[in-house]
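A quick write-up on the structure given underneath.
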Amino acid sequence: MHYFKLKGKYLYCEDVQVEDLAKRFGTPLYVYSQRTLREHFDKIKKAFKAVSPLICYSVKANSNISILKSLVSRGAGLDIVSAGELYRAMRAGCSPKKIVYASVGKTAEEIKQAIKLGILMFNVESLSELAQINAIAGNLGKKVDVALRINPDINPKTHKYITTGRKETKFGIEIGSARKVFLKRDNYPNLNIVGVHIHIGSQIIQVGPFIKAIKKILKLFKELNKKNIKITYFNIGGGLGIIYDREKPQTAQEFSGKALPFLKEKGLKIILEPGRFIVGNAGILVTKVLYIKENPSKRFIVVDAAMNDLIRPALYGAYHKIVPAKKVTRSQGYKVTRKADVVGPVCESGDFLGKDRKLDVAEGDFLAVMGAGAYSFSMSSNYNSRPKAAEVLVKKNRAYLIRKREDCRDLVGKEILL
Ligand SMILES: *Cc1c(COP(=O)(O)O)cnc(C)c1O
């Protein structure tokens, strides 16, 4: 569900014509629909209403401070993984008391800073990190809340690069070690070990793996309860899949329907960390057709966006729908029925946005790469010395520039000429 719709010949974002935005702000251009992202946030909130969870939007999915603010002002907390994301969270006006902090490699400096700011809790990913936080908290004379990120060893049935809850991945603490930590929690006098965190992967389509993981953790809670160890927080992570192509992911309602019976009984405080679910379909990447190139064996549509703007196709073989910003039927010299690869200007064969697409476009037309709200701009780079794209947030019939297009001075701004 999203608010990018064809009205007549033209693609709209809410009440704004996408082609107009491309002409006004230039391309490549990220365009986001505030209504779409807010409605997705509301959907999760509503689905889990029975346990009134803290919903910590996962900043890494799309970290623009205006996107963060759109959600924070609606009551969202934030899930962060670095000092940079902590900085963004503060700039977006998020209360530290709604910030949870994961990452397998938090530095001492990052930990110190987050403690001083008074975040809600760290999601701790190793025993060494636990000792480190305990020591830093001691030095600062503070008692710090933490959750243990447990790796439940569950296969989420998604792409292996976005699988995070199997034992061979680097994430979290294995359940046996976590149990020992709880039993020996007195070894960490400066910590309150108040919760358990899981996050088993991303773009998960079926509800089964989530429930399996939740059940595994609840079994541990039961064991600990018998030993009079009470857990306050259960952070069930993010990972809800969305529709890019023909996926049929569980809805928030289906997910909560299956999960709530387990979460309700326990009287736990529930935290959720959706990223992609909220912002994935709330963004598109608009790009201009530079050249159409016909080889005997292949047709290419060369566009001005590239893998540095959107790396998901190259990195995961991810599929993004690509549609013209203005729908026209042409009968020019090429056969529309001939499929084309949509490629960028970067010097890599992996630089494609789509393969074998039937697109009736001419040079100078604009295309919209759909489903580019999550892990798109946030993963972009300056490879091939390409300045990063601009970002625009649409609210009803108005469009706001939320990130200026970079220029060549930005590219070398931190460099030192010897
Ligand atoms: C990336 C991440 C998320 C968000 O995942 P989505 O698939 O975008 O919902 C949540 N929690 C943690 C710890 C993450 O690393």
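In listed order, ligands and their atoms are each counted from 1. In this chain, numbering begins with 1 at the start of the sequence shown.
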Would you mind checking if K219 and E223 are paired as a salt bridge, meaning a charged N to carboxylate O distance below 4.0 Å?
no
Can you confirm if the NZ or CZ of K355 lies within 45° of the ring axis of F352 and under 6.0 Å from the centre of its six-membered ring?
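Yes, a cation-pi geometry.
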Taking non-hydrogen atoms within less than 4.0 Å of ligand 1, which protein residues qualify?
S58, K60, D79, A102, R149, H197, H199, S202, G238, G239, E273, P274, G275, R276, Y375
N235 and E273 side chains, donor-acceptor separation under 3.5 Å:
yes
Donor-acceptor pair between S177 and E174 side chains, under 3.5 angstrom
yes
I243 versus M1: any side-chain heavy-atom pair under 4.5 Å?
no
Within the structure provided, determine whether V124 and I133 are in side-chain contact (heavy-atom separation under 4.5 Å).
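V124 reaches I133 side chain to side chain.
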